[in-house]
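Everything numeric in this text was worked out from a predicted model, so none of it was measured.
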Amino acid sequence: MTSTTSDAWLRALRTDRVWQLMMLNLAVFVALHVLAWCGVADTALAAATALPARPVAALTHAWTAVTYMFTQWDFFHLVFNMMWLWLFGLMMTRLMTPGRQIVVAYVVGGLVGAAVWVICGAFFHAQGILLGSSAAVLAVVAYGGITLGRTRIPLVLFGAPQVRWLALVVIILCLLTDGTTQGIPTLAVHCSGAIAGVLLGLWQRRRAIRPLRRAAAAKEPPFKAEFTADDEAALDAILDKVRTGGYGALSPAEKKRLFSLSSRITRRKP
């Protein structure tokens, strides 16, 4: 590995939230297998990282509501989860989605999945444990599908599908696999993660365009005085595009212009 490549890797690990999430999942996977190879019992590893279904056990091992979402035991489970996280995280990052929003979607999806798992354990008297980042990753996938919306992404052999349809296909495939191989409680966990991502995405879209909608509806004279005719035309065009295609339909340049106009609106005096 050259010095330039090494510097690029280190820079990505310091600044790229998606890579940080992926490397954390990989580090936990490697650590578990090294400990198992050294003779640590599987039950001890599970007790330290997996979320129990029984509510009492979950309360006494509260930290596992976080650790489970970074823990995979099966190699292919890790590969598929990280593949979807990388694909949708990369799309959102390149389309100017802040990395902290991706991390929030991941963690919230995982925590919602943990709550649903324990609730299922209480109602169905389940005795199992929950491992894996699937609920958290599906939250990221759903979040990207909502926030990017009609944005088209070129894919080899698949043309340029809209992100919302790509996210829907990924979620359906994952849920179908869960329903046939892992049972209803696990299916409920993964569904709840995807729903959490959808709700976060809707909230983010609403939050992004709320100042502009408020200003456009008010049409106060100070607003007119601060903007040129070109600014007003650009604002109207961006708002029309958001209304028809969602926030994700905007190009990077349009998003930058949108935030510029929004900041001018919010800073103006009444």
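In terms of hydrophobic clustering, with Ile, Leu, Val, Met, Phe, Trp and Tyr side chains grouped at heavy-atom distances under 4.5 Å, L138 and V79 are assigned to a common cluster. Placement of I195 and V104 in two distinct hydrophobic clusters is found when ILVMFWY residues are connected by side-chain heavy-atom separations under 4.5 Å, directly or transitively. Hydrophobic clustering (side-chain heavy atoms under 4.5 Å, transitive across Ile, Leu, Val, Met, Phe, Trp, Tyr) keeps L26 apart from L131. By the rule that hydrophobic residues join a cluster once side-chain heavy atoms approach within less than 4.5 Å of another member, L24 and L90 end up as members of one cluster. The cluster map of Ile, Leu, Val, Met, Phe, Trp and Tyr, joined by side-chain heavy atoms under 4.5 Å apart, puts L87 and M22 in the same cluster.
With contacts defined as side-chain heavy-atom distances shorter than 4.5 Å, the pair H190/L175 qualifies. Between I102 and V18 the shortest side-chain heavy-atom distance falls below 4.5 Å. I153 is not listed as a side-chain neighbour of L148, based on a closest heavy-atom distance of 4.5 Å or more. You'll find the side chain of M92 reaches within 4.5 Å of the side chain of V140, heavy atoms only. Counting only heavy atoms from C-beta outward, the side chains of W84 and C174 approach each other to under 4.5 Å.
The two residues Y68 and G110 have their closest heavy-atom pair at OH-O, 2.5 Å. The two residues Q162 and R150 have their closest heavy-atom pair at CG-O, 3.5 Å. Between A142 and A194, the shortest heavy-atom contact is CB-O, 3.3 Å. The nearest pair of heavy atoms linking T64 to P52 is OG1-CD, 3.6 Å. Of all heavy-atom pairs between A196 and V112, the closest is CB-CG2, 4.1 Å. When all heavy atoms are compared, the tightest approach of A122 to P55 is CB-CG, 3.6 Å.
Put simply, CG on L199 and CD1 on I146 are 9.0 Å apart, with the number rounded to the nearest 0.5 Å. Note that SG of C120 is 10.0 Å distant from CG of L130, once rounded to the nearest 0.5 Å. In this structure, the separation between OG on S133 and CG on L78 is 7.5 Å, given to the nearest 0.5 Å. Residue M69 holds its CE atom at 10.0 Å from CG of N25, rounded to the nearest 0.5 Å. The CG atom of L200 sits 13.5 Å away from atom CZ of R205, with the distance rounded to the nearest 0.5 Å. In this structure, the separation between CZ on F88 and OG1 on T93 is 13.0 Å, given to the nearest 0.5 Å.
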Would M82 and L85 count as a side chain to side chain contact (heavy atoms under 4.5 Å, CB included) if you check the C-alpha gap in whole Å, the side-chain angles of each, and the deciding distance to 0.1 Å? CA-CA 5 Å; M82 294 305 99; L85 176 61; 4.1 Å; yes
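Side-chain atoms of Q204 never come within 3.5 Å of backbone atoms of T147 as a donor-acceptor pair (strictly under, hydrogens ignored). A donor-acceptor contact shorter than 3.5 Å links the side chain of T71 to the backbone of T67. With W117 contributing its side chain and L51 its backbone, the two residues share a donor-acceptor pair below 3.5 Å. Under a 3.5 Å cut-off, the side chain of W63 and the backbone N or O of A48 do form a donor-acceptor pair. For the pair R17 (side chain) and V103 (backbone), a donor-acceptor distance under 3.5 Å is absent.
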Donor-acceptor contacts, no H, no angles, side chain residues 31-39, under 3.5 Å, sequence neighbours left out:
{"unit_1": "H33", "atom_1": "ND1", "unit_2": "F29", "atom_2": "O", "d": "2.9"}
{"unit_1": "H33", "atom_1": "NE2", "unit_2": "W73", "atom_2": "O", "d": "3.2"}

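Checked against a 6.0 Å centroid threshold, the rings of Y106 and F70 count as neighbours.
Evaluation of the side chain to side chain donor-acceptor pair (under 3.5 Å) rule for H77 yields N81, S134 as partners, not counting sequence neighbours.
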